[in-house]
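Reviewing the structure listed below.
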Amino acid sequence: MRKIVVIGGVAGGASAAARLRRLDEQAQIVVLERGEHVSFSNCCLPYYLSGTVPTSEALVMMTPKAFQERHNIEVRVNSEAVEILREEKAVLVREAGGREYKESYDKLVLAPGARPVVPRSIRGADAPHVFTVRNVGDVRRLKDHVTLHKVRNVVVAGGGFVGIEVAENLRSAGLEVSLVEGAEQIMAPFDYDMVQILHKELIDNGVGLYLSSMLTAINGDSVELRRGEETLTLPAQAVVLAVGVAPETELASKAGLELGSRGIKVDHNYRTTDPDIYAVGDAVEYFDRMNRRSGALALAGPAQRQARAAADHICGKFSGNRGYIGSSCLRVFAQNAACTGMNEKAAKAAGIPCEVAYVLPADKVGIMPESHYMAFKLIFEVPTGRILGAQAIGKGDAVRRIDVIATLITMNGTLEDLKELELCYSPVYGTAKDVVNMAALVGLNLLNGEYEQVRLDQVRALVESGAYIVDVREKAEYDAGHLKNAVNIPLSQFRERLAEVPRDVPVYLHCRTSQRSYYALCQLRGNGYRNVKNISGSFLGVCLYEYYNDQTQGRTPIVTAYNFK
Ligand code: FAD
């Protein structure tokens with residue numbers, strides 16, 4: 001009977017152990033977990049802070065007892081693997097009480113995950129009211145502190161998934177929350193234009209958002225930030241650091257296993273440089289399929305897939321390794337946000353010639369209740385039309401749309417494939433031509449040179465330079481708020497008023513979401529106009545793009561009034 005030892009008992013470790021048992025009924029399987037729990041839901045941790053998950057016990061999915069009874073897997077919590085003795089094929093284990101012993105193995109699986117980064121440069125980062133969020137104990141301590149000390153103000157440092165989820169849940173619990181992010185935007189997987197919607201959502205829900213700001217010091221009941229040359233002080237009786245994670249590679253490194261630049265080096269089957277030792281999850285370097293190089297990815301789905309592949313290989317089964325494209329999602333108050341593959345920034349940095357289709361269609365038939373716009377950005381390669389990535393944000397089902405694109409990317413799909421994709425439709429769920437089909441059609445128009453577009457980040461300069469902009473929405477829509485300087489010629493009157501449109505200057509068209517302005521553009525082109533461009537995203541897109549910076553920088557809006565409907 002062979003013996004398999006797994007180090008780490010959460011996403012990767014627990015999945016590997018369970019798969020091993022399914023494949024090998026005879027093996028002795030031992031899981032060593034440093035913490036007090038195995039198999040808890042990391043991803044649900046922030047939701048305990050708002051009470052969405054009512055108790056911390058509910059975060060724990062399986063107990064050691066259940067593992068033993070259901071799967072005949074021996075799980076030892078409070079048991080840290082402190083050294084791998086490769087010569088002896090054994091692990092040195094230290095129990096919480098200090099007792100040490102050796103555990104032999106035939107095969108070893110490392111799934112130690114990644115630990116939250118605590119920057120030494122932040123003065124006071126080791127104070128008792130400073131927290132990180134990785135496990136059940138962490139959120140319990142944070143919530144207990146907030147309750148016990150009647151905390152009013154919390155500062156969360158880091159605008160990634162964990163920081164935002166923690167900020168949202170603390171805010172939902174009624175606290176005054178400030179979110180501090182060093183970059184000029186939150187959520188790096190999204191492009192700057194898309195993420196403005198999330199910036200707006202955060203401030204609209206009362207979260208103080210401090211971008212391009214570095215947390216430098218934590219005092220008793222305040223923090224200090226540096227923003228450019230300014231130093232700001234914010235009240236804070238609790239601070240959460242969510243500024244990133246670092247793979248736990250120390251055990252592997254001490255054992256002489258090779259490390260890559262992003263984590264433990266593994267082969268096609270998640271085997272380390274020792275053929276009897278495998279590694280999976282946040283601690284390993286994975287194959288970034290988009291950039292065709294190694295990368296790091298701290299996501300639960302990939303950890304579980306890797307765990308399955310490693311277990312399969314241990315049991316003599318072989319699975320393919322296609323690498324990872326990076327699909328992720330989160331909710332920010334009422335907005336659902338999801339993305340996959342490359343963003344525009346990454347595609348450009350990789351030197352891939354690309355173009356972008358940005359659409360804002362209704363996510364359900366307009367007359368249905370709960371129909372909302374969905375902002376959808378599709379990035380594709382030029383001239384092949386190969387889909388590189390997408391981002392979706394809206395109150396509706398952004399995740400479903402991105403899952404479609406993730407599937408296509410995995411299968412090397414193109415705009416043509418996306419256009420032809422036959423998706424489910426009922427007005428309750430969507431529109432006959434879904435958001436993703438619509439993006440493909442716009443993308444194909446751009447690829448085929450049917451028309452030129454102006455991007456949202458160019459509109460301010462156009463307005464300020466007095467460019468000739470035609471707003472083809474109906475008069476009532478125009479009156480409710482429009483681009484300063486824009487001329488209103490509603491689409492319903494466009495043919496009869498064509499002569500008003502000059503031929504000797506560039507003409508920039510927009511409506512609410514660029515659908516009606518595309519009709520106007522076709523009319524102009526059909527009448528011999530050549531220098532005509534469509535403003536991608538149109539008035540709704542401009543309002544969403546401009547709002548946050550207008551509000552926080554005190555700059556003059558380029559619209560007479562915002563309209564987010
Ligand atoms: P982990 O799940 O972290 O497990 C590693 C375990 O190994 C830890 O419990 C640790 O105590 C133990 N360990 C480490 N070293 C030793 C040792 N020497 N001896 C014994 N035990 C050891 N991903 C998503 O895809 N979607 C989400 O919505 C999402 N939300 C998240 C929210 C939060 C708050 C956090 C923290 C993470 C979230 N993630 C999410 C990321 C996801 O949880 C991780 O990518 C995933 O858990 C990684 O699995 P892993 O097995 O590699 O590491």
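We count ligands from 1, going down the list as the structure has it; atoms in each ligand are counted the same way.
Between Arg94 and Glu80 there is no salt bridge, since no side-chain nitrogen of the basic residue lies less than 4.0 Å from a carboxylate oxygen of the acidic one. Using a cutoff of 4.0 Å between basic side-chain nitrogens and carboxylate oxygens, Lys65 and Glu69 are scored as salt-bridged. Ion pairing of Lys364 with Glu370 is absent here, as no side-chain N (NZ or NE/NH1/NH2) approaches a carboxylate O to less than 4.0 Å.
Evaluated by nearest non-hydrogen atom to atom 27 (C) of ligand 1, the leading choice among Gly12, Gly137, Cys43, Pro116 is Cys43. Heavy-atom proximity to atom 41 (C) of ligand 1, evaluated over Ala298, Pro112, Ala303, is greatest for Ala298.
For Arg21 (side chain) and Ala27 (main-chain N/O), a donor-acceptor pair under 3.5 Å exists by modelled atom type. The backbone N or O of Leu170 sits nowhere less than 3.5 Å from a side-chain atom of Ser172 that would complete a donor-acceptor pair. One N or O on the side chain of Arg289 and one on the backbone of Thr410 form a donor-acceptor pair closer than 3.5 Å. The main-chain N or O of Phe190 is found under 3.5 Å from a side-chain atom of Gln185 such that the two form a donor-acceptor pair.
Given atom 44 (C) of ligand 1, the protein heavy atom at minimum distance is Asp282 OD2, 3.3 Å. The nearest heavy-atom contact from the protein to atom 7 (O) of ligand 1 is Gly8 CA, 3.2 Å. Protein heavy atom in closest approach to atom 19 (N) of ligand 1: Ala81 N, 3.0 Å. Of the protein's non-hydrogen atoms, Glu33 OE2, 3.5 Å is the one closest to atom 10 (C) of ligand 1. The protein heavy-atom contact nearest to atom 25 (O) of ligand 1 is Ala300 N, 2.9 Å. Of the protein's non-hydrogen atoms, Ala111 O, 3.3 Å is the one closest to atom 5 (C) of ligand 1. The protein heavy-atom contact nearest to atom 3 (O) of ligand 1 is Arg134 NH2, 3.3 Å. In terms of protein heavy-atom proximity, atom 4 (O) of ligand 1 is closest to Val10 CB, 3.4 Å.
Below 3.5 Å of separation, one finds no N or O of Val162 facing any N or O of ligand 1. Below 3.5 Å of separation, one finds no N or O of Leu45 facing any N or O of ligand 1. Checked by distance only, ligand 1 and Arg34 come closer than 3.5 Å through their nitrogen or oxygen atoms. Considering backbone and side-chain atoms together, Leu299 places an N or O closer than 3.5 Å to an N or O of ligand 1.
Every atom of ligand 1 with a heavy atom of Gly281 under 4.0 Å away is listed here by number and element: 52 (O). Ligand 1 places these atoms under 4.0 Å from at least one heavy atom of Val133: 34 (C), 36 (C). Residue Ala11 has at least one heavy-atom neighbour below 4.0 Å for each of these atoms of ligand 1: 2 (O), 46 (C), 47 (O), 49 (O), 51 (O).
For Met62, the CE atom is densely surrounded, since the number of other residues' heavy atoms within 6.0 Å is greater than 12.
At a heavy-atom distance under 4.0 Å, only backbone atoms of Ser79 (N, CA, C or O) approach ligand 1. By the criterion of a heavy-atom distance under 4.0 Å, both the backbone and the side chain of Asn42 are placed next to ligand 1. Proximity of Leu251 to ligand 1, defined as any heavy-atom pair under 4.0 Å, is confined to the side chain (atoms from C-beta onward).
For residues 120-136, every residue pair satisfying the side chain to side chain donor-acceptor pair (under 3.5 Å) rule, not counting sequence neighbours, is listed here: Arg134-Glu248.
Residues Tyr270 and Asn321 bring a donor and an acceptor atom of their side chains to less than 3.5 Å of each other.
Under the 4.5 Å side-chain criterion, counting only non-hydrogen atoms from C-beta, Ile277 is in contact with Tyr105.
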* Test Tyr210 against Val155 for side chain to side chain contact (heavy atoms under 4.5 Å, CB included), laying out the working first. => CA-CA 10 Å; Tyr210 295 84; Val155 166; over 6 Å; no
